[in-house]
Number of protein chains: 2
Amino acid sequence: MTKDILKLDNQLCFPLYAATRQMTKLYRPLLEKFDVTYPQYLVLLVLFETETITVKALGHRLFLDSGTLTPMLKRMEERGLVKRTRSLTDERVVEVTLTDKGKAIEKKAEEVPVAFTKEINLEEAEYFELKRILTKILDQV
Amino acid sequence: MTKDILKLDNQLCFPLYAATRQMTKLYRPLLEKFDVTYPQYLVLLVLFETETITVKALGHRLFLDSGTLTPMLKRMEERGLVKRTRSLTDERVVEVTLTDKGKAIEKKAEEVPVAFTKEINLEEAEYFELKRILTKILDQV
DNA sequence: TACAATTTGATTGTACACAATTAAATTAAG
DNA sequence: CTTAATTTAATTGTGTACAATCAAATTGTA
């Protein structure tokens, strides 16, 4: 029965793909008050750590390219969350920084992972095992 | 240091989100010869199992709604992979079936998961543990 | 110095993804 | 038999994703 390898229930990537979308859906109401989407929230998390980052480095960190980031960062700029500045030393480079409004989110944002972890009913061991395996996959790419 | 819960490296959903996109990227060249995307490939997998399914049931199986499926199925219909037929007994229902061209893909499609599993360098135990935990998450939703 | 190769964002085009709404058909209650 | 409630797809609008291409700036090399 080699044919069973095409059964949906035997796929690994399908639950990966579906679980990702379900998780994003769980985040939506938690992020609503900050008026950001889940990918935008990830950009904020990076900026909380680094203060300033180039589009290139941000893309490397989040595994996203400029075709996704450029319009997304422009939307975030329109909403007053970030500032985009072209580097003085190299005009090709755009640096992204948090505005005061963006910085203000950091204090309140801690409740987001707390609330999420509560909603996603996962054993602590499973939580870390899942994270470990996924990170291993990413490290290979 | 409660603040560390906002660190990107401490997030569970970020590697989930990133790994999903990387996996989709690995699938792309494998699916190219069939001229389908990864979500379209999932539709094919369902149809290999059921022959005929309503949009509603397909959405339930793949965790997708009509706003995603309707245009996607129309594209697949344009490419001659599926047929969309409005039910005779209930005009609200649309039934999706494979065409001969769609059916023909099944024989060759087995090489896709084979090639993918080879590329993704994961211990068998990790493979199944990852699948198990993700499925558990999906069952909760 | 010239100038080809490289780097970096931006742009374009296609394809999801989903919330919210609409429209058509069916079902159920009185 | 009527009409309100429900069911089911389709539509609309916004926001990712990403391949492919472009354009501008910088760098390396003869």
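Below, chain A is the first sequence line, B the second, and so on; all start at residue 1.
Near DNA chain C, defined here as any heavy-atom distance below 4.0 Å, there are no residues from residues 37-47 of chain A. Across residues 81-92 of chain B, B:T89, B:D90, B:E91, B:R92 each have a non-hydrogen atom less than 4.0 Å from an atom of DNA chain C (numbered order). Within residues 18-32 of chain B, no residue places a heavy atom under 4.0 Å from DNA chain C. A heavy-atom distance below 4.0 Å to DNA chain C is reached by these residues of residues 52-60 of chain A, ordered by number: A:T54, A:V55, A:K56.
Between the side chain of A:T52 and the backbone N or O of A:T97, no donor-acceptor pair lies under 3.5 Å. The backbone N or O of A:E51 lies less than 3.5 Å from no partner atom in the side chain of A:K103, so there is not a single donor-acceptor pair. Put simply, the side chain of B:N10 never gets that close to the backbone of B:I5: no donor and acceptor are under 3.5 Å apart. Under a 3.5 Å cut-off, the side chain of B:T99 and the backbone N or O of B:K83 do not form any donor-acceptor pair. Side chain of B:T24 to main chain of B:T20: a donor-acceptor pair is present (N/O by atom type, distance under 3.5 Å, no hydrogens or angles).
With the nearest nucleotide of DNA chain D identified for both B:T70 and A:F63, B:T70 has the one nearer the 5' end. Taking for each of B:R79 and B:S66 the nucleotide of DNA chain C with the nearest heavy atom, the 5'-most of the two is the partner of B:R79. Toward the 5' end of DNA chain C, the nearer of the two residues B:R75 and A:K74, judged by each one's closest nucleotide, is A:K74.
Contact check for A:V93 versus A:K56: no side-chain heavy atoms found under the 4.5 Å cut-off. Using a 4.5 Å cut-off on side-chain heavy atoms (C-beta onward), A:L12 and B:M23 make contact. B:T54 has its side chain out of reach of B:V96: every pair of non-hydrogen atoms, C-beta onward, lies at least 4.5 Å apart. Contact of the B:E95 side chain with the B:I53 side chain is not registered, since no non-hydrogen atoms from C-beta on lie closer than 4.5 Å.
With sequence neighbours excluded, the residues forming a side chain to side chain donor-acceptor pair (under 3.5 Å) with B:E111 are B:K33, listed by chain and number. Every residue two or more places apart in sequence or in another chain that forms a salt bridge (charged side-chain N to carboxylate O under 4.0 Å, His left out) with A:E77 is listed here: A:R84.
Helix-axis bend for the helix from C:dT1-D:dA30 to C:dG30-D:dC1: the local axis fitted to the five terminal pairs at one end deviates from that at the other end by 10°, rounded to 10°.
For the atom pair CD1 (B:I120) and OG1 (B:T117), the distance works out to 9.0 Å, reported to the nearest 0.5 Å. Atom OH of A:Y17 is separated from atom CD of A:Q22 by 10.0 Å, given to the nearest 0.5 angstrom.
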Using atom types as modelled, flag every donor-acceptor pair under 3.5 Å from a side chain in residues 134-141 of chain B to any protein atom, sequence neighbours excluded.
from   : atom 1 : to     : atom 2 : distance (Å)
B:T135 : OG1    : B:K131 : O      : 2.7
B:K136 : NZ     : A:E126 : OE1    : 2.7
B:K136 : NZ     : A:E126 : OE2    : 3.4
B:Q140 : OE1    : A:N121 : N      : 3.2
B:Q140 : NE2    : A:N121 : O      : 2.7

Validation: residues 35-50 of chain B side-chain donor-acceptor distances under 3.5 Å, sequence neighbours left out:
from  : atom 1 : to    : atom 2 : distance (Å)
B:T37 : OG1    : B:Q40 : N      : 3.3
B:Y38 : OH     : A:F14 : N      : 3.2
B:Q40 : OE1    : B:T37 : N      : 3.3
B:E49 : OE2    : A:L8  : N      : 2.7
B:T50 : OG1    : B:V46 : O      : 3.3

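Across all strands, A:L69 comes closer than 4.0 Å to no nucleic acid atom at all (heavy-atom distances).
The stretch residues 51-107 of chain B participates, sequence neighbours left out, in no ring pair (Phe, Tyr, Trp, His ring centres under 6.0 Å) pair at all.
Taking every nucleotide of DNA chain D with any atom under 4.0 Å from a non-hydrogen atom of chain A, the first and last of them, 5' to 3', are D:dG15 to D:dT26. Running 5' to 3' along DNA chain C, contacts with non-hydrogen atoms of chain B at under 4.0 Å begin and end at C:dA15 to C:dT26.
Using a cutoff of 4.0 Å between basic side-chain nitrogens and carboxylate oxygens, B:K7 and B:D9 are not scored as salt-bridged.
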